[in-house]
K.L.:
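One structure is given below, represented as structure tokens, and several questions about it will come after.
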Protein chains: 2
Amino acid sequence: MRDFIEVLQKCALFDGIAPRDLNAMLGCLGGRVAAFERGESIFSAHGPAEDVGVVLSGAVQIVMDDFDGNRTIQDRVEPGGLFGEAFACAGVERLPVTVEGVTPGRALIIRLIRITATCSSACAFHNRMVMNLLRVMAARNLQLSRKLEITSRRTTREKLMAYLMSQAQEARSSRFTIPFDRQALADYLCVERSALSAEIGRLRREGVLESERSRFTLLGLENGGEL
Amino acid sequence: MRDFIEVLQKCALFDGIAPRDLNAMLGCLGGRVAAFERGESIFSAHGPAEDVGVVLSGAVQIVMDDFDGNRTIQDRVEPGGLFGEAFACAGVERLPVTVEGVTPGRALIIRLIRITATCSSACAFHNRMVMNLLRVMAARNLQLSRKLEITSRRTTREKLMAYLMSQAQEARSSRFTIPFDRQALADYLCVERSALSAEIGRLRREGVLESERSRFTLLGLENGGEL
DNA sequence: AAATGTATGTTGGAAATCCAACATGGAGGG
DNA sequence: CCCTCCATGTTGGATTTCCAACATACATTT
């Protein structure tokens, strides 16, 4: 556990809690460290949802099975990231998703109630953690809203432009690199890869943007590059 | 305000707070009651996001309008329901959505900071409210995920069926009433109203479902009606 | 009854997407 | 260098959606 103190300090859940207090907290929280392999389930769909997980090393992904039995990767979580918090906080009886290892690694598993229930004595940090949880979930909410805003556009071009503009805004520059290759971007935007490529070509020919692989530059934004 | 005590008791934000304590709380929170008409904005896009709203009567919906006049209904909120909490908790400067009345009604508007900042004295219920907020945001999170799951389908038919099945699941019956008219359902699913109507007609002719206005029955689910 | 308004269903042509297939071009290995 | 692999770009025809317009049904008002 000692090896993971640095990761935990970066974790939003422990934001504002001093390193030396962290140890006391961890004792109070009574978590356990679970090792996982690539492809191994940490939380299983239809299982209980009482626990929150923090990735300590390696990576996990949240996988959803839809009506047709197709699997969709909802999200990927890296060290310092949380998983399962929404389900535990919402108090669902059965998890609708599976959390599985993408690589071998370890995760800290904490019973949510140990975070939210104010304990008697020393660790006065429960409130802080609850507020941190609030912030994490609100941020996640916004992210989902933004994705909805993008994917609810009707045409490939509109979705692409909405995405690129949000990326430019995030990078505070009209030149930026996106974290997707073409196929992944198409999946994200809910469009065809070929239609996406075609649209990018069209926008390039129209002088709206320049692009090379995952590197994009939006033109005609009435500035040289910085936003 | 007194008239709405019953609604507030049902509100997840005040869960676990006794009726007589509610009055003291409300004083401490310093909310105001806003009346709204059908189509009137309660919160406007690009405006500040410091407030949380509770629907007291009538109904509101959270909408995103884009440049082309296409609109997406993110959600509809009935009496006792909250709106705006995620944006306030995340501390965004400008709201990315509009909240408007679906029918005439009233809403209680509370400054978020009055909920999260523990006050000096009497009202020891802030902790409880923060926990309630946590639960509400988690629930909204799940809901947004579900909506993404539905709208990320490619065809009108798939979106419609995914939606109807989720509604059936929620109602625990293959016969249920949806809270949208055709235009609103189209906006929710991000499709054309006419294409939606056509698809419903097709599904009806194929014997997949029966429908009359907002009342649907899914057939061929290997059961008489109850799920 | 007539007029009006609203919700839903239907239809036809324009436009966009989807899908499959192939073209291109760079990276890396033999 | 040649070859393969893989990401990306391109293209054409089948399919679907989009849009505008009109049809139908029902409720309300005058």
Side-chain angles (χ1 to χ4, degrees), chain A residues 68 70 72-73 150-164 167 176-217, chain B residues 37-39 59 61 65-73 76 100-104 150-164 167 176-217:
Chain A
D68 314 330
N70 295 329
T72 309
I73 297 172
I150 290 171
T151 59
S152 65
R153 314 257 165 177
R154 301 305 171 76
T155 67
T156 299
R157 167 179 288 234
E158 282 178 342
K159 289 178 187 176
L160 175 59
M161 285 306 292
Y163 174 72
L164 292 178
Q167 287 292 298
F176 52 89
T177 301
I178 65 173
F180 295 123
D181 62 20
R182 287 291 179 278
Q183 183 59 60
L185 179 57
D187 289 344
Y188 182 84
L189 299 179
C190 304
V191 299
E192 267 310 294
R193 183 195 62 78
S194 65
L196 175 62
S197 273
E199 200 58 57
I200 289 173
R202 216 167 295 142
L203 287 167
R204 195 162 29 208
R205 278 192 296 280
E206 290 174 21
V208 178
L209 54 76
E210 288 170 357
S211 76
E212 194 229 337
R213 299 262 160 174
S214 297
R215 183 146 206 87
F216 286 81
T217 307
Chain B
E37 296 300 318
R38 172 183 167 83
Q61 58 189 8
D65 289 308
D66 63 22
F67 308 111
D68 315 330
N70 282 328
R71 111 174 324 206
T72 305
I73 298 174
R76 196 162 274 208
E100 64 176 31
V102 179
T103 66
I150 289 171
T151 58
S152 63
R153 313 256 164 179
R154 301 305 173 76
T155 67
T156 299
R157 167 178 288 234
E158 281 179 342
K159 289 178 187 176
L160 175 59
M161 285 306 292
Y163 174 72
L164 292 179
Q167 287 292 298
F176 52 89
T177 301
I178 65 174
F180 295 123
D181 62 20
R182 287 290 179 279
Q183 182 60 59
L185 179 57
D187 287 344
Y188 182 85
L189 298 178
C190 305
V191 300
E192 268 309 296
R193 183 195 63 80
S194 64
L196 175 62
S197 273
E199 199 60 56
I200 290 173
R202 217 167 294 141
L203 287 166
R204 196 163 26 209
R205 278 191 296 282
E206 291 175 20
V208 177
L209 55 76
E210 288 170 357
S211 77
E212 193 229 337
R213 299 261 161 176
S214 296
R215 182 146 208 86
F216 286 81
T217 307

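Letters A, B, ... are given to chains in the order of the sequence lines, protein chains preceding strands, and every chain is numbered from 1. Since the model is a prediction, treat every value here as computed from it, not as a measurement.
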K.L.:
In whole Å, what is the span from the CG atom of A/D187 to the P atom of C/dC18?
P.N.:
12 Å
K.L.:
Please tell me which of the listed nucleotides, D/dG9, D/dT11, C/dG9, lies nearest to the side chain of B/R182?
P.N.:
C/dG9
K.L.:
Kindly point out which of C/dT17, C/dT10, D/dC18 is positioned nearest to the side chain of B/A195?
P.N.:
D/dC18
K.L.:
State, to 0.1 Å, how close A/R182 and A/S211 come at their nearest heavy-atom pair, and which atoms those are.
P.N.:
NH2-OG, 4.2 Å
K.L.:
Under 4.0 angstrom, heavy atoms only, what part of the nucleic acid is A/R202 near: base, sugar-phosphate, or nothing?
P.N.:
nothing
K.L.:
Between atom CZ in A/R215 and atom P in D/dT8, what is the gap in whole Å?
P.N.:
15 Å
K.L.:
Report the distance from atom CD of B/E192 to atom P of C/dA14, rounded to the nearest whole Å.
P.N.:
17 Å
K.L.:
Do A/E206 and A/R157 sit within salt-bridge range, that is, some charged N less than 4.0 Å from a carboxylate O?
P.N.:
yes
K.L.:
Which nucleotide in the list D/dT11, C/dT11, D/dC18 gets nearest to the side chain of B/V191?
P.N.:
D/dC18
K.L.:
Output yes when at least one side-chain N/O atom of B/T156 is less than 4.0 Å from OP1 or OP2 of D/dT17, else no.
P.N.:
yes
K.L.:
Hey, which sits more toward the 5' end of DNA chain C by its nearest nucleotide, B/G201 or A/R154?
P.N.:
B/G201
K.L.:
Determine the minimum heavy-atom distance between B/A195 and B/T156, stating which atoms define it.
P.N.:
O-CG2, 4.1 Å
K.L.:
Please work out if B/S194 contacts a base, only the sugar-phosphate, or nothing of the nucleic acid, heavy-atom cut-off 4.0 Å.
P.N.:
base
K.L.:
Starting at atom CZ of A/R153, determine the distance to atom C1' of D/dC18, rounded to an integer number of angstrom.
P.N.:
17 Å
K.L.:
Rounded to the nearest Å, what distance is computed from the CD atom of residue B/Q183 to the P atom of nucleotide C/dG5?
P.N.:
19 Å
K.L.:
With nearest nucleotide decided by heavy atoms, which residue, B/C190 or A/D181, maps closer to the 5′ end of DNA chain D?
P.N.:
A/D181
K.L.:
Reckon B/R213 touches a base, only the sugar-phosphate, or nothing at all at heavy-atom distances under 4.0 Å?
P.N.:
sugar-phosphate
K.L.:
Mind checking A/T155 for me? I need base, sugar-phosphate or nothing, with any heavy atom below 4.0 Å counting as a touch.
P.N.:
sugar-phosphate
K.L.:
Could you state the CG-P distance from A/L160 to D/dG9, rounded to the nearest angstrom?
P.N.:
11 Å
K.L.:
What is the distance, rounded to the nearest whole Å, between atom CG of A/L196 and atom C1' of D/dG9?
P.N.:
11 Å
K.L.:
How close or far is atom C1' of C/dT17 from atom NZ of B/K159, stated in whole angstroms?
P.N.:
12 Å
K.L.:
So which one's nearest nucleotide on DNA chain D is more toward 5', B/R157 or B/R193?
P.N.:
B/R157
K.L.:
Give a yes or no answer on whether the side chain of B/S214 reaches the backbone of B/D181 with a donor-acceptor pair at less than 3.5 Å.
P.N.:
no
K.L.:
So does B/R215 have more than 12 non-hydrogen atoms from other groups sitting under 6.0 Å from CZ?
P.N.:
yes
